[in-house]
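To start, the structure itself, in structure tokens.
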Amino acid sequence: MQSALLQILATLTLLGCGVRGVDVGQDMRSFSSAIKDGKIGPNTEKVLYEHSTGQPGVITEQWFTGINVMDERMRIRIYIDGEAEASLDFMLLLAHGIGFTETLEKQYTPWGTRRLAHTADGGIYNTYSIPFSKSFHVTATHPVGGYFFYIIRGVENMPVVVGDLVLPANTRLRLFKNEDVKLSPLEFITLANVSDTAGMLFQVTLAANSSDFNYLEACFRARIDDAANITWLSSGTEDFFLSAYYFNRGIYHLDNSGLTYISSSPANAMSAYKFFENDPLLFTKSFELIWRCGETINANSGCPNDWPPPGPSESVNQGGSSPKLADTVVTTYTWVYEYSF
Ligand SMILES: *[C@@H]1O[C@H](CO)[C@@H](O)[C@H](O)[C@H]1NC(C)=O
Ligand SMILES: *[C@@H]1O[C@H](CO)[C@@H](O)[C@H](O)[C@H]1NC(C)=O
Ligand SMILES: *[C@@H]1O[C@H](CO)[C@@H](O)[C@H](O)[C@H]1NC(C)=O
């Protein structure tokens with residue numbers, strides 16, 4: 001009896017069932033570097049680390065701290081494989097799901113999850129897997145400058161593993177950004193637009209502000225491999241971030257999603273992030289991620305209120321039932337892994 005069970009377990013192990021990640025390889029090598037009390041001059045792009053052994057690999061962790069520089073003006077660039085322009089070019093706070101300012105968000109620290117944390121004044125880190133095929137370098141730029149501390153680690157010859165999925169060796173991480181875009185009521189905004197490649201959505205951060213919170217009615221939608229077909233991703237904005245009822249229980253920080261800021265005065269502002277690590281959103285040809293300033297129900301291109309959703313010709317309630325909406329200013333960061341088979 002027992003040996004039969006062991007045999008089944010051994011077979012399952014051989015088949016790779018339920019095994020997370022990949023086997024360690026002899027050619028896998030960790031690299032790590034740190035800077036203590038470094039100095040960044042005003043508006044000067046400072047190299048934090050450079051890696052160029054010619055081997056492929058992934059960055060597995062980056063931690064940032066500093067005096068007067070850990071704010072919404074800190075810009076990080078990661079140049080992969082000799083790029084002239086950094087394909088990963090981000091504001092430090094937004095890359096960690098934090099919209100608006102350090103001063104506003106700091107009241108909710110310390111917090112941390114599997115992929116992100118804000119543990120102290122500074123103490124901002126992530127464990128995003130950032131692949132490269134030969135080399136990369138990381139830089140920091142701040143308009144005023146100051147002192148900083150930095151840690152980076154990674155592993156050569158290790159693939160990107162997202163949740164239970166091992167991604168192909170040619171995987172690249174891409175970042176799609178919208179910065180302070182002003183939307184009119186019911187206007188659409190594209191968060192990511194990927195064509196001619198396969199891939200998976202990794203993370204979405206959205207920060208919005210308006211005289212009215214009703215923009216939260218917006219359902220997220222995607223077009224996956226088919227420009228003519230909408231895939232509904234959520235029944236509202238806070239629902240996409242796995243909260244409910246306009247985030248009525250306030251700030252939360254979880255592995256799958258979090259709310260880093262919310263305020264209804266002097267205006268209605270929120271900032272939230274969602275990871276798709278445990279909830280893979282995969283595409284093989286193309287991908288468009290779309291949000292909207294508010295929502296209509298059932299009307300042409302509005303969010304369905306039933307299953308199956310009405311087709312365009314049987315749309316009811318044209319114009320939809322829409323709450324009072326106001327112009328909304330929105331910033332989004334969308335991280336997508338792209339690869340080919
Ligand atoms: C995505 O990009 C394609 C090609 O540039 C364009 O035709 C399409 O309108 C874009 N989609 C969105 C939703 O912006
Ligand atoms: C959208 O996708 C569904 C499900 O795959 C399919 O039945 C339908 O025909 C598609 N619609 C269009 C307009 O391509
Ligand atoms: C939202 O907009 C209002 C009005 O412009 C502004 O006073 C407020 O500071 C903004 N909130 C945030 C968090 O940026």
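Whatever order the structure lists ligands and atoms in, that order sets their numbers, starting from 1.
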Anything under 3.5 Å between an N or O on ligand 3 and a protein N or O? List each pair with its distance, or write none.
from, atom 1, to, atom 2, distance (Å)
ligand 3, 2 (O), Asn209, ND2, 2.4
ligand 3, 11 (N), Asn209, ND2, 2.8

**Report entry** Residue pair Arg223 / Asp226: nearest heavy atoms and the distance that separates them
**Finding:**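 Heavy atoms only, the tightest pair is CB-O, 3.8 Å.
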**Report entry** Any N or O of Arg223 closer than 3.5 Å to N or O of ligand 1
**Finding:**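 N/O-N/O distance below 3.5 Å does not exist for this pair.
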Query - disulfide (SG to SG under 2.5 Å) contacts in which one or both residues fall within residues 163-263, not counting sequence neighbours - result: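 Qualifying pairs, neighbours excluded: Cys219-Cys303.
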Query - Thr60 side, atom OG1; Met158 side, atom CE - distance, nearest 0.5 Å - result: 6.0 Å
Query raised in the report: Judged by atom type as modelled, is there a donor-acceptor pair below 3.5 Å linking the side chain of Ser257 to the main-chain atoms of Phe241?
Result: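 Indeed, once roles are kept as given, a pair shorter than 3.5 Å links the two residues.
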Atom pairs and distances, donor-acceptor, side-chain atoms in residues 26-38, under 3.5 Å, two or more places apart:
from, atom 1, to, atom 2, distance (Å)
Ser32, OG, Arg153, NH1, 3.0

Report task. Would you mind listing every salt bridge (Lys or Arg N to Asp or Glu O under 4.0 Å) that reaches into residues 233-244, with sequence neighbours excluded? Result ->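 Every candidate salt bridge (Lys or Arg N to Asp or Glu O under 4.0 Å) pair involving residues 233-244 fails, so no pair, neighbours aside, qualifies.
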